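Encoded as structure tokens, here's the structure I'll be asking about.
Quick caveat: nothing in here was measured; it's all calculated off a predicted structure. Both ligands and their constituent atoms are indexed starting at 1 by order of listing.
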Amino acid sequence: MRDARVGSAQRDGNRRRVVNALRVAGPSTRADLLKAGLSRSTVANVVDDLISAGLVVRVQAALEPRVNGRPPEYVGLDGGAATAAGVEIANGCVRLALCNVAQELIAFDAADVPEDSDPENTLRVVRDLIKSLSDRTGVPLERLIGVGVAVPGPVQRRTGIIGRACTLAPWIGVRSCELAEEVLGSPALVANDANLAALAETTWGAGRGYDDVAYVYTAYGIGVGLVLGGQLYSGAAGTAGEIGHTTVDEHGEICACGGRGCLNTVADPNAVTRQLQQVLSPGITIREVIELTREGDPRCRRVMADAGRQIGAALASLYNLLDPEVIIIGGYLKEAGPALLDPLRESMARCAIHAGEAISPVITGRLDDEVVAMGAAAGVLRDPLRFPLPMGDGA
Ligand SMILES: [Zn+2]
């Protein structure tokens, strides 16, 4: 009797390891699943069990190189088993992504909110948007395992309190996780937007296959999301990677954070736009500036090159400290292309240590407006302890 119980506990544990590995990695080969620390025969048995139970399905992998003349067989979680919602709280709008446990994006949508909207009202808009997207896509809300909420500011690890550097003033000091769970009526996680965007690029985009990634998000401010050893690194107070508040000019402009001459004051999308408003038009937007840059406007190209040089010097310090395998540029400025990236790479190479090695490549992200919301959903998919599957992981 005792042996049977031990055997069943071990089997449940093995199933959980395979299910959790598939939640993080998405569809995988049986060989990939050996990384979960199980033997080849255990993986084979567990996968067969999970297929019979309907939780795991065989997946057709397109354009994969053949092994011994056959395409490798992929297995993944059944997308119908559970869904995660990811929300980006931005300035004047919220964006929502629904992703299933097979790591497929089911739907993406956005809704406007007033710019000074208090967090509770904003979350009510999110709740209604989740409901309407669930109705539209036919994904029942009972299959929702949790909601990831991305905010443009640091979130303290232990308390969930949003820090002073948040660019949406009404959210500063808010106990964000408790509030989100109360209004949304669902388990929730709240984290910084750049950090969650880094998870999106490592799950679906340019960072896939890398363990050590620095993702530079250029939106309202410049923040870096760090994935180190395959795990998101946020720091104790949630301020890790706040590279936008690195001092680049002791005598520069005052920054929203109270510092002077921060990188954000010279190189974030707002700073870039502000420098061009006088010579172009007072109402010009960052998207228009980028369009003009791509068309070759010399004023825009000059400002973009200066911003690239400043960001590159700051990234050299980050590289010296952490030595990531790859640095990914995302957010508005990635669209500026070589006008920003060439000067950025040049200044980074000039300021970084070499030690005889080639420094990390700087590439652009693959995901666009959906990157933060998808990353917030990825945060839920990757956390089986807080967001278990509705039918249990042992199936
Ligand atoms: Zn600052």
Side-chain angles (χ1 to χ4, degrees), residues 88-92 115-116 119 150-157 159 161-174 176 190-198 214-226 232-277 285-286 289 303-322 327-334 336 340 343-344 347-348 351-352 372:
E88 177 186 12
I89 308 292
N91 192 17
E115 291 209 353
D116 54 355
V151 292
V155 183
Q156 282 181 13
R157 192 167 52 196
T159 60
I161 292 176
I162 295 181
R164 201 167 52 89
C166 182
T167 52
L168 293 178
W171 287 76
I172 295 171
V174 169
S176 55
V190 182
N192 173 268
D193 54 2
N195 293 357
L196 291 171
Y215 173 82
V216 184
Y217 188 51
T218 56
Y220 293 89
I222 300 173
V224 176
L226 297 167
L232 194 59
Y233 180 81
S234 312
T239 62
E242 287 286 348
I243 203 172
H245 298 290
T246 306
T247 306
V248 294
D249 178 4
E250 283 274 2
H251 308 289
E253 276 178 53
I254 285 285
C255 175
C257 75
R260 191 182 273 284
C262 294
L263 179 64
N264 281 347
T265 65
V266 295
D268 81 357
N270 276 334
V272 165
T273 312
R274 212 170 46 236
Q275 290 171 63
L276 288 158
Q277 278 170 342
T285 65
I286 186 63
V289 166
V303 170
M304 211 55 88
D306 290 344
R309 266 188 284 277
Q310 300 273 16
I311 297 170
L315 288 179
S317 302
L318 178 108
Y319 164 78
N320 289 350
L321 204 60
L322 296 170
I327 295 174
I328 302 172
I329 309 292
Y332 291 116
L333 297 188
K334 91 177 163 85
L340 177 95
L344 185 156
S347 101
M348 187 181 142
C351 304
V372 174

message = Taking the side chain as everything from C-beta on, heavy atoms only, tell me whether T273 gets closer than 4.5 Å to V303.
response =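 A side-chain contact under 4.5 Å is absent here.
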query = To the nearest 0.5 Å, how far apart are CG in L315 and CD1 in I329?
reply =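 With rounding to 0.5 Å, CG (L315) is 5.5 Å from CD1 (I329).
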Please set out all donor-acceptor pairs under 3.5 angstrom arising from side-chain atoms of residues 219-226, sequence neighbours excluded.
none

inquiry  = I'd like to check S176 versus V155 (side-chain heavy atoms, cut-off strictly below 4.5 Å). Are they in contact?
reply    =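 Counting from C-beta outward, S176 and V155 do come under 4.5 Å.
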message = So, at under 2.8 Å, which protein N, O or S atoms would a careful student list around the Zn ion (ligand 1)?
response =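 Less than 2.8 Å away from the Zn ion (ligand 1) sit H245 ND1, C255 SG, C257 SG, C262 SG.
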key: Exceeds 12 heavy-atom contacts within 6.0 angstrom, atom CZ of R260   =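 More than 12 heavy atoms, drawn from other residues, nucleotides or ligands, come within 6.0 Å of this atom.
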key: Distance (rounded to the nearest 0.5 Å) between C255 SG and H245 NE2   =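 It is 5.0 Å, given to the nearest 0.5 Å.
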